[in-house]
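Quick note: numbers below take in every heavy atom, side chains included, and nothing from hydrogens, waters or symmetry partners. Since this is a predicted model, take the numbers as computed values, not measurements. A, B, ... follow the sequence lines: proteins, then strands. Residue 1 opens every chain.
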Protein chains: 2
Amino acid sequence: MATSTREKIIQLGDDLLRRQGFNAFSYADISKPLQIKNAAVHYHFPSKQDLAFAIAQWHKDIFDRFSQKMATKEPKDRLKTFLNFYHSIHLSEKVDIISAFATDWYSLRPNVQTEVQEFTELVIEWLTELIQEGLDLGQFRKIQNTRTTALRVLSSIFASTQLVRITSDQDFTRVKNSILEELLN
Amino acid sequence: MATSTREKIIQLGDDLLRRQGFNAFSYADISKPLQIKNAAVHYHFPSKQDLAFAIAQWHKDIFDRFSQKMATKEPKDRLKTFLNFYHSIHLSEKVDIISAFATDWYSLRPNVQTEVQEFTELVIEWLTELIQEGLDLGQFRKIQNTRTTALRVLSSIFASTQLVRITSDQDFTRVKNSILEELLN
DNA sequence: TAATTTACTTATTTACTAGTAGGTTTACAA
DNA sequence: TTGTAAACCTACTAGTAAATAAGTAAATTA
């Protein structure tokens with residue numbers, strides 16, 4: 001199954017958004033590598049905000065499939081997979097999609113903001129449930145309120161993808177391991 | 001002592017950088033409110049990168065003064081002041097200067113990157129020392145390696161200033177308190 | 001007092017930016 | 001075979017970006 005142009009635009013847009021930021025890339029940055037014209041991008045996504053919306057939607061879809069695939073695994077492994085996923089983000093010099101959108105929050109149209117909010121809530125809820133299950137099964141150690149713990153895991157990990165751009169690669173691994181140590185019994 | 005135009009440009013630039021991102025504001029956004037011409041901004045800062053450099057330097061100066069003023073206080077109070085400082089950032093709809101620079105990292109000139117790196121290392125070291133002192137005095141609880149703890153405090157708190165743009169104000173306070181609870185004996 | 005420097009302004013350039021109008025090709029359906 | 005719609009392209013507009021050149025008024029220095 002060949003990837004459609006529309007799909008390619010979304011993927012490249014996502015890449016640029018998370019590597020450079022929403023206001024730092026242009027339609028030309030998309031059309032050139034794909035060897036199509038600027039107007040072709042506008043054909044699929046009339047405005048840049050429409051593209052942003054599609055990217056947010058795309059992430060919701062991906063996360064949906066991810067969480068379904070993970071549903072059968074136990075909390076500990078789910079958490080590890082989640083953290084490893086962020087590790088790969090960091091290695092590709094990108095940042096997390098949530099923080100990418102957060103940075104450019106005030107340049108996003110309301111419907112894009114709503115989409116991002118829904119995606120974020122999805123992730124937080126998924127993490128909250130994961131932690132609750134981990135606690136119930138005795139795999140995790142109780143620290144605080146589960147949502148707070150979820151928020152701290154999420155913010156720690158995604159801040160790290162940013163912070164290590166400035167400091168060093170080692171610091172990411174350090175934080176990642178510390179999250180695991182903190183939670184695991 | 002009246003604030004010089006140069007100083008005003010830096011302050012407004014900092015504000016815009018942290019509210020909208022480096023690539024989302026223009027020289028016009030600075031010249032208009034200050035009621036000067038675009039070229040006047042270029043007089044003080046020939047290129048936008050020069051402005052970015054000055055903003056990074058400015059933060060180093062501020063942090064220097066801050067840490068000197070805090071030197072006599074005890075670790076617990078220093079940490080609280082630090083967290084409250086970030087709370088005020090969050091309330092003003094800005095993000096932390098480190099994450100603002102991190103987001104636009106790849107659009108920064110090498111000398112700006114170096115300046116930001118130095119500032120970040122300053123903050124991490126300050127936090128690391130604070131934690132070490134707190135441990136020595138028995139005010140803090142040992143969790144991990146002190147640098148790791150410092151990294152986690154920093155990343156948790158600054159990710160929160162971004163995350164709460166998307167979720168809710170409450171979530172910031174939640175994270176802030178959890179950091180304190182985790183460390184304090 | 002003359003020379004110089006600081007802190008600007010006016011006016012302009014070059015290079016993009018997102019976005020659009022209208023024409024063309026291709027594929028598929030009636 | 002004709003009609004139609006999807007997926008482009010060519011060519012363009014209007015606006016904005018950073019940056020610069022040249023000039024000026026006021027303050028500072030020699």
Out of [options], which nucleotide sits closest to the side chain of [X]?
X       : options               : value
A:His42 : D:dC8, C:dC8, C:dG19  : C:dG19
A:Tyr27 : D:dC9, C:dC8, C:dG19  : C:dG19
B:Ala39 : D:dA21, C:dT20, D:dA7 : D:dA21
B:Ser26 : C:dT17, D:dA18, D:dC8 : D:dA18
B:Lys48 : C:dC8, D:dC9, D:dA18  : D:dA18

Spacing between [X] atom [atom1] and [N] atom [atom2], to the nearest angstrom:
X       : N      : atom1 : atom2 : result
A:Phe25 : C:dC16 : CZ    : P     : 17 Å
B:Leu34 : C:dA7  : CG    : P     : 15 Å
A:Leu51 : C:dG19 : CG    : P     : 10 Å
A:Asn38 : C:dT17 : CG    : P     : 9 Å
A:Ile36 : C:dT24 : CD1   : P     : 21 Å
A:Arg6  : D:dC8  : CZ    : C1'   : 16 Å

Supply the atom-to-atom distance [X] [atom1] to [Y] [atom2], rounded to the nearest 0.5 angstrom.
X        : Y        : atom1 : atom2 : value
A:Thr81  : A:Arg78  : OG1   : CZ    : 9.5 Å
A:Gln117 : A:Glu121 : CD    : CD    : 9.0 Å
B:Asn84  : B:Lys80  : CG    : NZ    : 9.0 Å

- Query: With sugar-phosphate meaning primed atoms plus P, OP1 and OP2, does A:Phe45 contact a base, only sugar-phosphate, or nothing at under 4.0 Å between heavy atoms?
  - Reply: nothing
- For B:Tyr43, which contact category applies under a 4.0 Å heavy-atom criterion: base, sugar-phosphate, or nothing? base
Phosphate OP1/OP2 of [N]: any [X] side-chain N/O under 4.0 Å:
X       : N      : answer
B:Lys37 : C:dT10 : yes
B:His44 : C:dC8  : yes
B:Thr5  : C:dA7  : no

- Message: Distance to the ring centre below 6.0 angstrom and angle to the axis at most 45 degrees; does that hold for B:Lys176 and B:Tyr86?
- Response: no
- Item | A:Lys142 atom NZ, neighbour heavy-atom count above 12 within 6.0 Å |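 More than 12 heavy atoms, drawn from other residues, nucleotides or ligands, come within 6.0 Å of this atom.
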